[in-house]
Protein chains: 2
Amino acid sequence: MKKQRTTQQRKVIEEICFSSTCPLSIDDIESRGKEILATLNRVTVYRNLNRMVDAGELTRFSHPEKGTLYEQANRPHHHHFFCKTCEATFELPGCGLSLKKQTPAGFIVEGHEVFLNGVCAACAS
Amino acid sequence: MKKQRTTQQRKVIEEICFSSTCPLSIDDIESRGKEILATLNRVTVYRNLNRMVDAGELTRFSHPEKGTLYEQANRPHHHHFFCKTCEATFELPGCGLSLKKQTPAGFIVEGHEVFLNGVCAACAS
DNA sequence: GTCGTTGCAAAGCCTTTGCAGGGAA
DNA sequence: TTCCCTGCAAAGGCTTTGCAACGAC
């Protein structure tokens, strides 16, 4: 692991990622970052996010509808809900999955992801 | 809906998709198709798959590790298991998800996807 | 002959890489 | 001063589009 330097860009990107309560896309992070630091470059966002994923600070996953998303790595086990009306992604605490019921004999399950979709409380009312 | 013509390419692509017991990637379909019809072009595969998705014959979904996959649309409800050893994708019948437990008040769940990963029976033994 | 389809080339996204200049330590 | 980091440009992968030729009907 190389020694890291604290740059303005890195501070902005880390602040955005660590303060968000839901997964963010590259576009989210880039546009929010540019509000704070107008010269922020998309490539720099990519590089910093990749570094943070490698360092175990962020988790990257691919959402079926929203593409690549990033979230903090230290969150408790949870899944995601995508609202097709406002297109926001929410974090759902806990897990409604019964692994034993799902798994055929001989298969070893090491991990899983669940994506729910529908309409969120705000959009439904 | 336009009138469709029955071409060699389309027959090959449909045969591959409709006879597979697990989801296929573009690469899978292209390489299997080229074994039957060597001149088959990747663009033609894309176009036919898109047409079949639009026609409701296939479902396209994005797997977190394998990227875009295609499967028959008329299959009963199921989820997918990805083996990290042989990198195959298996279809798991049924559903181990308890939606009520998972859903916060006010959210309306319309659909869901579950991806399991681990080691399949063949690779585990 | 008509017109849906194909194959090739090219273009569009998303993401990564090369490189020179800039800035943190 | 050192050398990590950034920004720009360019390159790679995946997918779509434009266009002329082909082929099903």
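Just so it is clear, the model here is predicted, and its values are computed rather than measured. In what follows, chains carry the letters A, B, and so on, assigned in the order in which the sequence lines appear, proteins first and then strands, with residues in each chain numbered from 1.
Judged purely by distance below 3.5 Å, without hydrogens or angles, the side chains of H112(B) and H79(B) pair a donor atom with an acceptor atom.
Taking atom CG of residue D54(A) and atom P of nucleotide dT16(C), one finds them 10 Å apart after rounding to whole Å. Distance, Y46(A) OH to dG7(D) C1': 16 Å, rounded to whole Å. Rounded to an integer number of Å, the gap from CZ of R47(A) to P of dT16(C) is 11 Å. Rounded to an integer number of Å, the gap from CD of Q4(B) to C1' of dC3(C) is 14 Å. The interatomic distance linking E30(B) (CD) with dG7(C) (P) rounds to 11 Å, in whole Å. Going from atom CG of N41(B) over to atom P of dC22(D) covers 16 Å, rounded to whole Å. Taking atom NZ of residue K3(B) and atom C1' of nucleotide dG23(D), one finds them 14 Å apart after rounding to whole Å. Atom CG of L49(B) and atom C1' of dT6(C) are 15 Å apart (whole Å).
Ion pair D27(B)/R42(B) flagged as a salt bridge, since at least one NZ, NE, NH1 or NH2 atom sits closer than 4.0 Å to an Asp/Glu carboxylate oxygen. A salt bridge does not link K66(B) to E87(B): none of the charged nitrogens lies less than 4.0 Å from a carboxylate oxygen.
Proximity note for N48(A) (side chain, C-beta onward) versus dA25(C), dG23(C), dT6(D): the nearest is dT6(D). The side chain of R5(A) approaches dC3(D) more closely than any other nucleotide in the set dC3(D), dT17(C), dT6(C). Across dT16(C), dC5(D), dT5(C), the shortest atom-to-atom separation from the side chain of T7(B) is found for dT5(C). Among the nucleotides dT16(C), dT5(C), dC8(C), the one closest to the side chain of N50(A) is dT16(C). Listed candidates were dA9(D), dT15(C), dT6(C). Nearest to the side chain of T44(B) is dT6(C).
For dT15(D), the OP1/OP2 oxygens have a side-chain nitrogen or oxygen of T68(B) closer than 4.0 Å. T6(B) has a side-chain polar atom (N or O) that falls below the 4.0 Å cut-off from OP1 or OP2 of dC25(D). Look at Q9(A) and you'll find a side-chain N or O under 4.0 angstrom from OP1 or OP2 of dG7(D). Look at T39(B) and you won't find any side-chain N or O under 4.0 angstrom from OP1 or OP2 of dT6(C). For R51(B), a side-chain nitrogen or oxygen approaches OP1 or OP2 of dT6(C) to under 4.0 Å.
When heavy atoms are screened at a 4.0 angstrom cut-off, R10(A) is found touching the sugar-phosphate backbone but no base atom.
Mapped onto DNA chain D by nearest heavy atom, Q8(B) and R60(B) fall at different nucleotides, with R60(B) at the one closer to the 5' end. Residues R42(B) and R42(A) each lie close to DNA chain D; by heavy-atom proximity, the contact nearer the 5' end of the strand is made by R42(A).
F107(A) and F90(B) have perpendicular rings, their planes meeting at more than 60° on a 0 to 90° scale where under 30° would count as parallel. Aromatic ring orientation, F61(A) versus H80(A): parallel (interplanar angle below 30°, classes split at 30° and 60°).
Closest heavy-atom contact between C22(A) and T89(A): CB-O, 3.2 Å.
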